[in-house]
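The block underneath contains the structure these notes are about, expressed in structure tokens.
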There are 4 protein chains.
Amino acid sequence: MSRGNTRQRIQDVALELFAEHGYEKTSLREIAERLDVTKAALYYHFKTKEDIVISLFSDLGRPVDELIAWAEEQPPTLETKREILRRYHAALAGARPLFRFMHENQATVRDLSIGETFKERMTTLAGMVQDPDASMADRVRCVSALFTLHAGLWVMQAVDGDQEEKSRAVLEVAEDLMSRAHHGE
Amino acid sequence: MSRGNTRQRIQDVALELFAEHGYEKTSLREIAERLDVTKAALYYHFKTKEDIVISLFSDLGRPVDELIAWAEEQPPTLETKREILRRYHAALAGARPLFRFMHENQATVRDLSIGETFKERMTTLAGMVQDPDASMADRVRCVSALFTLHAGLWVMQAVDGDQEEKSRAVLEVAEDLMSRAHHGE
Amino acid sequence: MSRGNTRQRIQDVALELFAEHGYEKTSLREIAERLDVTKAALYYHFKTKEDIVISLFSDLGRPVDELIAWAEEQPPTLETKREILRRYHAALAGARPLFRFMHENQATVRDLSIGETFKERMTTLAGMVQDPDASMADRVRCVSALFTLHAGLWVMQAVDGDQEEKSRAVLEVAEDLMSRAHHGE
Amino acid sequence: MSRGNTRQRIQDVALELFAEHGYEKTSLREIAERLDVTKAALYYHFKTKEDIVISLFSDLGRPVDELIAWAEEQPPTLETKREILRRYHAALAGARPLFRFMHENQATVRDLSIGETFKERMTTLAGMVQDPDASMADRVRCVSALFTLHAGLWVMQAVDGDQEEKSRAVLEVAEDLMSRAHHGE
DNA sequence: GATGAATGAGTCTTCATTCAT
DNA sequence: AATGAATGAAGACTCATTCAT
């Protein structure tokens, strides 16, 4: 049945379990059992448990890196920032379980080797949408816009309604927040 | 030698470590060593590791319960909702490490016995600030206002400036978001 | 409420729990909780956990010692042996939980300091009812008579009927076994 | 180095220690040390400590199950009952340490998951050798016959003589007891 | 006559990891 | 590409025991 896809299947199952129960509470035994292979098999594909997380992060986190690279070459206009929001929104949608995992396991992620990278990326992104000369409130608005997207899952489970519709509303609110932070422009 | 404050000291150290490294990565040995007592001493004061978290939650989480109780008796006006934001903002400020722990260890908290309670409280609060007849975007605004406060720590570490000033700005943005969701009123 | 009788109450509860769950599985915490005192209180009355068993054994096991002392001065006739059975039967009835405990926890008792004494006593008793010149089968009969009494509880729970009636029947069978071992007399 | 016999070796050592010192007083550390493996190795072969006992019980207790199955299809004549005694005698001889363990650790066994099964089997067997219409004394005789075998070890250590000869005598006494319970037939 | 607080040694158990096959 | 067998380190937890008050 399965041929070269075992590595992929490990990633899938691992991400699912990590997101559901957290990294530390998910044991390699559990992952192996779900896949009906032995723990040792996991070690054929990944050097360590942490390696699995790293692989998830670099496979699924790439779009965010690309977004940052793109943004760094744009002028820091309101329109650019709105586009950042739109792209970030899309990136999140494409790797929801990974971002859920990261959002809900920050304490863990911080202690992992990817922690640093992760934090840097978020800081970079936050820096890009802020205007250093704006008022404190406006700077908070910009970061909050970003964060609203990032916490979309959370926000959305607290509101009733169609999934798609909520997702659009979240983006709308974020963009609006961003615009209000630039009322002068 | 030691007075009746050991229980309190355990809670303090535990909360600090839980918030810093997460619940699972913090061992009772670590807590005991910091306090210079034996692991068994912890068990004199708390039945299980989970019990420590539960005690933190019920000691420090009380203000939020009181807030909910109060809010349930108010009319659902804009002013009430703004007051909810102010009070929630104050409650968070009073137990920042606990909320940081909960925010950053959601996957863990979910698997703990307090998880249910915690989720209920957040859902109740989210329900109270929303107007069921409002547009989807406005409902998202309300929840996002709450969440902005809740994630204050996160937001604030991404913005430079004086701690106090940022804290006020966060509340201001939240209140403003809430107001915008009630433009008709 | 309780005055000088705490020691007695400890013994009662301890014996009950030891008989039900065994010596090692019964913790001092359990005993203390049942009595609604602290573990430390137990240590006021008994030096160690083993001391509790020892006290039970010397308080309740005395009748058997007396029986042995008495028997040692009698001629080894069939009638003496039947009287031993009757007296042993009575001694068992008077301290059923203790004998149940000893019977069902032999491995434990063996490792306790009383173990030696206990075994000696049983061996002495077994020696007294046997006739060294009898056939092997008859010697087994004598020991089996003793043992049938000793295992009365066990035997009796495998047979339906009135408690008292069964108890008498057990003694009858034991006496009959003993008589058959002495057919010549 | 080691072949597939580790599981078996664990069972052997465990049974020996359980029989000698009891289940609770035998630690996995002790078992592991005797085998010169780590405790974790035990867990590769058995899920829990209790699992070791369960495995012993189902490996070595099978003959008794077979005996019961066989007996259920026989007419309840005296001859059948004597054959039950003979077969039970043989079954016990084949797994003496296990039965010694069970006999001497009844309180423990009762609290283990196998306890129920064990008790059921003994009750079934006791039910099969009794004649419900017989006198109470005769019913006790039947059960006592069974029990005499079961306690053979105990009986035999209280009697001097050759092991084999005693074993035969025990069976003889048991058969005789059974016969006496059926004098009319 | 008893408690509150604590300890040290030990329990069972789980985990990530290794390696010969 | 994967397994069977095992390890070392660590985990949470329990226990009998002590002692100042």
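Residue numbering restarts at 1 for every chain, and letters A, B, ... go by the order of the sequence lines. Just so it is clear, the structure is predicted and the values come from calculations on it, not from any experiment.
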*Between A:K25 and D:K25, just flag the one whose closest nucleotide in DNA chain E comes earlier from the 5' side.*
D:K25

Would you check if the side chain of [X] reaches a backbone N or O of [Y] as a donor-acceptor pair within less than 3.5 Å?
X	Y	value
A:E104	A:F101	no
A:R34	A:A14	no
B:Q8	B:N5	no

*asked:* Checking A:K47 now: which residues fulfil side-chain contact (heavy atoms from CB on, under 4.5 Å) with it, not counting sequence neighbours?
replied: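 So A:K47 forms a side-chain contact (heavy atoms from CB on, under 4.5 Å) with A:D51.
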
*Are A:R100 and A:E20 close enough for a salt bridge, meaning some N to O gap below 4.0 Å?*
yes

*Starting at the 5' end of DNA chain F, which residue's closest nucleotide do you reach first, A:A41 or B:Y23?*
A:A41

*Please collect all ring-ring contact (aromatic ring centres under 6.0 Å, His included) contacts where either partner lies in residues 31-51 of chain A, sequence neighbours excluded, each pair once.*
none

*Are B:L60 and B:L15 close enough that some pair of their side-chain heavy atoms sits under 4.5 Å apart?*
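In short, these two side chains touch, coming nearer than 4.5 Å.
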
*With side chains defined as the heavy atoms from C-beta onward, is the minimum distance between D:H103 and C:H103 less than 4.5 Å?*
yes

_Spatial distance of atom CG (B:N105) from atom CZ (B:R110) [nearest 0.5 Å]_ =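 Answer for the CG-CZ pair, B:N105 versus B:R110, is 11.0 Å.
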
_CD1-CD distance between A:I114 and A:E120, expressed to the nearest 0.5 angstrom_ =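 Rounded to the nearest 0.5 Å, the CD1-CD separation comes out at 12.5 Å.
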
*Indicate whether OP1 or OP2 belonging to F:dA1 is found under 4.0 Å from a side-chain N or O atom of A:T6.*
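So the side chain of A:T6 is outside the cut-off, no N or O lying under 4.0 Å from OP1 or OP2 of F:dA1.
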
_Between E:dG4 (C1') and B:I10 (CD1): distance, integer Å_ = 14 Å

*Quick one: B:E24 CD to E:dC15 C1', roughly how many Å, whole number?*
13 Å

*asked:* Give the residues of residues 42-55 of chain A touching DNA chain F, defined as any heavy atom closer than 4.0 Å, sorted by residue number.
replied: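 Residues of residues 42-55 of chain A that come under 4.0 Å of DNA chain F are, in numerical order, A:Y44, A:H45.
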
*Counting Watson-Crick and G-U wobble pairs whose two distances are both under 3.5 Å, find the runs of 3 or more in a row that involve DNA chain E.*
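DNA chain E forms these stems: E:2-21 with F:2-21.
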
*Any residue of residues 27-39 of chain C with a heavy atom less than 4.0 Å from an atom of DNA chain E*: C:V37, C:T38, C:K39

Which atom pairs, donor and acceptor, lie under 3.5 Å between side-chain atoms of residues 22-32 of chain B and protein residues at least two apart or in another chain?
{"unit_1": "B:Y23", "atom_1": "OH", "unit_2": "B:E50", "atom_2": "N", "d": "3.2"}
{"unit_1": "B:E24", "atom_1": "OE2", "unit_2": "B:T108", "atom_2": "OG1", "d": "2.5"}
{"unit_1": "B:T26", "atom_1": "OG1", "unit_2": "B:L17", "atom_2": "O", "d": "3.2"}
{"unit_1": "B:T26", "atom_1": "OG1", "unit_2": "B:G22", "atom_2": "O", "d": "2.7"}
{"unit_1": "B:S27", "atom_1": "OG", "unit_2": "B:E30", "atom_2": "N", "d": "3.2"}
{"unit_1": "B:E30", "atom_1": "OE1", "unit_2": "B:S27", "atom_2": "N", "d": "3.3"}

